[in-house]
Amino acid sequence: MASKQQITLIHVARSQLGLEEEVYRQILVDITGKDSSKALTLKEADQVLAHFEQKGFKRLPKQGSNGKRQSPKAGQGKHPAVDKLRAIWITMARQGIVRDGSETALDKWAAKVTGIQHVGWLKGAKAEKALEALKQWHGRELERPLARRWPMLPESSQYATLADYRRLNDGRWYETLCDLAAKYSATGAALQ
């Protein structure tokens, strides 16, 4: 079944192209064999949208209050890695690691890493590559202040260095690092 977003886009496209009801329904029938957008599958809705884009329909990105596109709600990415990318990017902005947490800024970063201009278009190996690159960057930024303060943290009584602690948690190091950073920022122990 087509998503609500696809159905909305189809109707926006219909309006933008100035299609009358009969013409619109005939296009649906010609492309999918169905005369209602609500009856379409995801694939059929994409086919209809692709047809409308060939005829001149342009998707207008949502603009934030600062004129930059903001990330869509979680769970709306076509690939799970894209949702994770957006979540990490927003977290990095909240932590002050990146100055601009907008989707526009994430697009620019993703284009440098993958060559794909819009993070929403990432899928498969490219999405995973971007996710791993962002996790590595975020991990380095979290690790630096933790390493400096390591002797003062309770975990240092069991592990002499942060590198020792890392060896123990190597398979889930990024998640462990995020937990440590959250733990010490939540207790007021600033990691800067």
Side-chain angles (χ1 to χ4, degrees), residues 1-94 97-139 174-175 178:
M1 175 184 256
S3 70
K4 286 182 182 178
Q5 184 182 14
Q6 286 175 312
I7 292 170
T8 300
L9 270 176
I10 287 171
H11 289 283
V12 169
R14 175 186 162 202
S15 174
Q16 199 180 92
L17 296 172
L19 300 176
E20 293 186 16
E21 183 75 23
E22 291 175 20
V23 174
Y24 162 71
R25 298 229 179 258
Q26 188 58 50
I27 290 171
L28 289 183
V29 170
D30 290 347
I31 295 172
T32 66
K34 299 172 183 168
D35 67 350
S36 170
S37 60
K38 291 180 182 174
L40 303 179
T41 64
L42 290 170
K43 185 178 179 183
E44 291 168 339
D46 280 341
Q47 291 171 335
V48 170
L49 285 168
H51 172 79
F52 286 154
E53 286 172 341
Q54 287 176 348
K55 299 297 178 190
F57 167 60
K58 296 202 182 302
R59 299 174 196 227
L60 300 175
K62 289 183 181 176
Q63 299 289 322
S65 60
N66 58 2
K68 296 180 179 176
R69 284 183 312 108
Q70 300 302 305
S71 297
K73 291 179 183 174
Q76 295 186 349
K78 290 182 179 176
H79 194 280
V82 172
D83 285 334
K84 290 178 185 172
L85 264 173
R86 288 176 172 140
I88 292 171
W89 187 260
I90 291 168
T91 299
M92 290 173 71
R94 289 182 181 154
I97 297 169
V98 295
R99 283 178 286 162
D100 186 351
S102 72
E103 184 88 348
T104 304
L106 179 57
D107 284 346
K108 288 179 184 173
W109 177 83
K112 287 179 188 171
V113 173
T114 65
I116 294 180
Q117 299 300 312
H118 187 315
V119 73
W121 298 340
L122 291 174
K123 56 186 176 183
K126 295 263 183 176
E128 295 295 336
K129 176 184 176 185
L131 177 60
E132 289 308 313
L134 191 60
K135 285 166 71 174
Q136 286 177 9
W137 178 19
H138 190 210
Y174 177 74
E175 292 78 9
C178 289

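Note that NZ of Lys34 is 5.5 Å distant from OG1 of Thr41, once rounded to the nearest 0.5 Å. The OH atom of Tyr174 sits 3.5 Å away from atom CD1 of Ile88, with the distance rounded to the nearest 0.5 Å. With rounding to the nearest 0.5 angstrom, the CD1 atom of Ile10 is 14.0 Å from the OG atom of Ser15. Rounding to the nearest 0.5 Å gives a distance of 12.0 Å between CD of Gln26 and CG of Leu19. Atom CD of Glu128 and atom OG1 of Thr114 lie 12.5 Å apart (nearest 0.5 Å). Atom CD1 of residue Ile27 and atom CZ of residue Phe52 lie 5.0 Å apart, to the nearest 0.5 angstrom.
At a threshold of 4.5 Å between non-hydrogen side-chain atoms, the residues Leu131 and Lys135 count as touching. You'll find the side chain of Gln6 stays beyond 4.5 Å of the side chain of Leu40, heavy atoms only. At least one side-chain heavy atom of Ser3 sits less than 4.5 Å from a side-chain heavy atom of Leu42. Within the 4.5 Å cutoff, side-chain heavy atoms of Ile7 are placed close to those of Lys38. Residues Asp30 and His51 form no side-chain contact, since every pair of their non-hydrogen atoms from C-beta on lies 4.5 Å or further apart. Taking the side chain as every heavy atom from C-beta outward, Leu85 and Trp89 never approach each other to under 4.5 Å. Between Gln16 and Lys55 there is no side-chain heavy-atom pair separated by less than 4.5 Å.
Listed by chain and number, the residues in a side-chain contact (heavy atoms from CB on, under 4.5 Å) with Val113 are Trp109, Lys129, Ala133 (sequence neighbours excluded).
Remark: Glu21 CD is packed, more than 12 non-hydrogen atoms of other residues, nucleotides or ligands lying under 6.0 Å away.
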(request) Could you go through the ring-ring contact (aromatic ring centres under 6.0 Å, His included) check for Tyr24 and His11 one step at a time? (result) CA-CA 9 Å; Tyr24 162 71; His11 289 283; 5.7 Å; yes
